[in-house]
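Following: one structure in structure tokens, then a few remarks.
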Amino acid sequence: MRKPTYDFEVLDSAGKTVRRCTQSCHNIGAQERTFDLLRSTPGAAAVFGFEKRGRHVHSAYRE
């Protein structure tokens with residue numbers, strides 16, 4: 001079974017895109033990647049991971 005492709009987008013507190021990346025992973029891996037990107041990107045306020053087929057969306061926010 002092929003892993004779906006996810007597009008990840010990291011946003012700052014003003015809503016500007018700080019970083020974008022694409023990765024093939026399963027649903028749980030995409031959720032982990034979303035949290036990892038939030039932790040590892042200074043100045044990130046939110047991260048979204050969208051499955052290219054549109055089935056799943058993951059998000060993480062910093063308080």
Side-chain angles (χ1 to χ4, degrees):
M1 190 165 140
R2 286 184 53 199
K3 294 178 183 177
T5 302
Y6 282 83
D7 291 327
F8 295 95
E9 190 167 344
V10 181
L11 305 172
D12 64 7
S13 59
K16 266 181 93 174
T17 300
V18 175
R19 180 177 173 190
R20 288 186 182 162
C21 61
T22 301
Q23 182 176 350
S24 294
C25 51
H26 292 295
N27 193 23
I28 293 174
Q31 183 180 18
E32 292 172 359
R33 180 72 173 141
T34 302
F35 289 118
D36 288 344
L37 284 168
L38 184 65
R39 279 191 290 265
S40 66
T41 308
V47 179
F48 298 96
F50 306 95
E51 183 183 4
K52 285 206 179 224
R53 287 194 227 159
R55 292 184 182 165
H56 298 100
V57 176
H58 296 281
S59 60
Y61 302 93
R62 189 180 315 256
E63 291 183 32

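These numbers come from the heavy atoms of this one structure, side chains and all, not from hydrogens, waters or symmetry mates. All residue numbers in this chain count up from 1 along the given sequence.
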Exercise for the section: Specify the closest pair of heavy atoms between D12 and A45, including all atoms of both residues, with the distance to one decimal. Expected result: C-CB, 3.6 Å
Practice task
Can you measure from CG (N27) to CD (E51) and round to the nearest 0.5 angstrom?
Solution key: 7.5 Å
Handout entry: Nearest heavy-atom neighbours spanning S24 and T5
Key = OG-OG1, 3.5 Å
Practice task
Would you give the length of the straight line joining atom CG of L37 to atom CD of E9, rounded to the nearest 0.5 angstrom?
Solution key: 11.5 Å
Problem - Same apolar cluster: V57 and V10, side chain cutoff 4.5 Å - result: no
Problem - T22 OG1 to F50 CZ distance, which is reported to the nearest 0.5 Å - result: 12.0 Å
Exercise for the section: Please collect all ring pair (Phe, Tyr, Trp, His ring centres under 6.0 Å) contacts where either partner lies in residues 7-37, sequence neighbours excluded, each pair once. Expected result: none
Fill in the blank from the handout: In this structure, CG of L11 is separated from CZ of R62 (nearest 0.5 Å) by 12.0 Å
Exercise for the section: Could you check R20 against D7 for salt bridge (Lys or Arg N to Asp or Glu O under 4.0 Å), going step by step and ending with a plain yes or no? Expected result: CA-CA 7 Å; R20 288 186 182 162; D7 291 327; over 6 Å; no
Practice task
Could you name each residue pair satisfying side chain to side chain donor-acceptor pair (under 3.5 Å) that touches residues 36-50, not counting sequence neighbours?
Solution key: D36-R39
Practice task
Write down the atom of H58, the atom of A30, and the distance for their closest heavy-atom approach.
Solution key: CD2-CB, 3.8 Å
Problem - Closest heavy-atom pair and its distance - A44, L38 - result: O-CD1, 3.9 Å
Practice task
Step by step, work out the ring pair (Phe, Tyr, Trp, His ring centres under 6.0 Å) result for Y6 and F48.
Solution key: CA-CA 10 Å; Y6 282 83; F48 298 96; over 10 Å; no
Practice task
To the nearest 0.5 Å, tell me how far R33 CZ sits from C21 SG.
Solution key: 4.5 Å
